Protein chains: 2
Amino acid sequence: MDDTQTTYKLKAQIIKAMAHPSRLMIIEELAKGERCVCDLKRVVGGDMSTVSKHLAVMRHAGIVEDRKAGLQVFYRLRVPCIIQFFGCVEAVMAATFATFRERPLGDA
Amino acid sequence: MDDTQTTYKLKAQIIKAMAHPSRLMIIEELAKGERCVCDLKRVVGGDMSTVSKHLAVMRHAGIVEDRKAGLQVFYRLRVPCIIQFFGCVEAVMAATFATFRERPLGDA
DNA sequence: TGCCTATATGGTAAGATTGCCATGTAATGG
DNA sequence: CCATTACATGGCAATCTTACCATATAGGCA
């Protein structure tokens, strides 16, 4: 595999690390500031081990960093520009809903 | 599942539709302008049916639109802001490599 | 030291994704 | 009508992802 292929694979891995509902919720919460795992668990629900694994995926991809403080581990976004992208994702959704409005059910 | 959950699921689906090396290549190519499936097949390689399925994933997510013209089908990005996001993904990669530079192998 | 709390990791079963082959379909040319 | 071209879809095996449970680790406190 050449360099170009490797680059695309790395980029895909970073994007894939965002591509899960719980991980999006985590990113949005971290956009407000540093949070401990316990905070994030409260936000996304589910098992602590599941949250921990979601964080490991994002940490491995380089999206988040952690900082240990006593018993707790605090996570934060490593590259805040990620948040700006959410607006674009919402634009895709808006375009989709606009299409439905333009061509409602039964419209020729 | 409530509305908030549904929204996150939709967003995740849109992002997931980008999270694949071949699909990133396709998006980058489409950023340059409309392209037929045959063009895209040349760019990403592999089977035509595989390219076609990647396009279907992105079409379903609302990332691309198609336009038939005779025997060919031309695809284009539906919401161009997607491209801007690539810069942010590269920033994540740059941060990761910077970390390696700051803490090379064997550094305490 | 021994216990408690916060988080991480291993195991695993269910489900999703991927990529190829074979086949289907629609437009075009003869 | 028939063949060809460009693309899409069905099927399927290999692989990856996810979420839970059980267990491990590490810090703080008695």
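As the structure is a prediction and not an experimental result, all values here were calculated from the model. Lettering follows sequence order; numbering is per chain, from 1.
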Does the B:T96 side chain pair with the main chain of B:V92, one donor and one acceptor, at a distance under 3.5 Å?
-> yes
Among B:V64, B:I26, B:D39, B:I63, whose side chain to side chain contact (heavy atoms under 4.5 Å, CB included) with B:Y75 holds?
-> B:V64
Between P of D:dC7 and CZ of B:R67, the distance in whole Å | 12 Å
Before accepting this row, confirm whether a basic side-chain N of the pair B:E65/B:R59 lies closer than 4.0 Å to the acidic partner's carboxylate O.
-> no
Rounded to the Å, how far apart are A:I26 CD1 and D:dA19 C1'?
-> 13 Å
Choosing from D:dT9, D:dC7, C:dG10, which nucleotide comes nearest the side chain of B:C38?
-> D:dC7
B:H60 atom NE2 is separated from D:dA8 atom P, nearest whole Å, by 15 Å
Could you work out which one of D:dC7, C:dT9, D:dA19 sits closest to the side chain of A:S49?
-> C:dT9
When the distance from CG of B:L55 to C1' of D:dC7 is rounded to whole Å, what number comes out?
-> 10 Å
Report yes if a donor N or O on one partner sits less than 3.5 Å from an acceptor N or O on the other, where the partners are the side chain of A:K68 and the base of D:dG28; otherwise report no.
-> no
Check every atom of D:dA19, C:dA8, C:dT17 against the side chain of A:T50 and return the nucleotide holding the closest atom.
-> D:dA19
Just to confirm, is there a sub-4.0 Å distance from OP1 or OP2 of D:dT17 to any side-chain nitrogen or oxygen of A:K16?
-> yes
In whole angstroms, the gap separating P of D:dG27 from CG of A:L71 amounts to 9 Å
Given atom CG of B:D66 and atom P of C:dA27, what is their separation to the nearest angstrom?
-> 13 Å
Run the salt-bridge test on B:D66 and B:K68 with the 4.0 Å N-O cut-off and return the result as yes or no.
-> yes
Minimum-distance nucleotide (side-chain atoms of A:H54 versus D:dG10, D:dA8, D:dA19) | D:dA19
Which nucleotide in D:dC20, D:dT18, C:dT7 has an atom nearest any side-chain atom of A:V73 | C:dT7
Should the pair B:E28-B:R23 be classified as a salt bridge under the 4.0 Å nitrogen-to-oxygen rule?
-> no
Protein-nucleotide distance (B:K53, atom NZ; D:dA8, atom P), rounded to Å | 12 Å
5' priority, DNA chain D, between A:G46 and B:A56 [closest heavy atom] | B:A56
Specify the separation, in whole Å, of atom CG of B:D47 and atom C1' of C:dT17.
-> 16 Å
Please figure out whether A:V57 or A:A69 has its closest DNA chain D nucleotide nearer the 5' end.
-> A:V57
How would you label the contact of A:Y75 with the nucleic acid (heavy atoms, under 4.0 Å): base, sugar-phosphate, or nothing?
-> sugar-phosphate
Report yes if a donor N or O on one partner sits less than 3.5 Å from an acceptor N or O on the other, where the partners are the side chain of B:K41 and the base of C:dG19; otherwise report no.
-> no
Among the candidates D:dT18, C:dA22, C:dA27, find the nucleotide nearest to the side-chain atoms of A:H20.
-> D:dT18
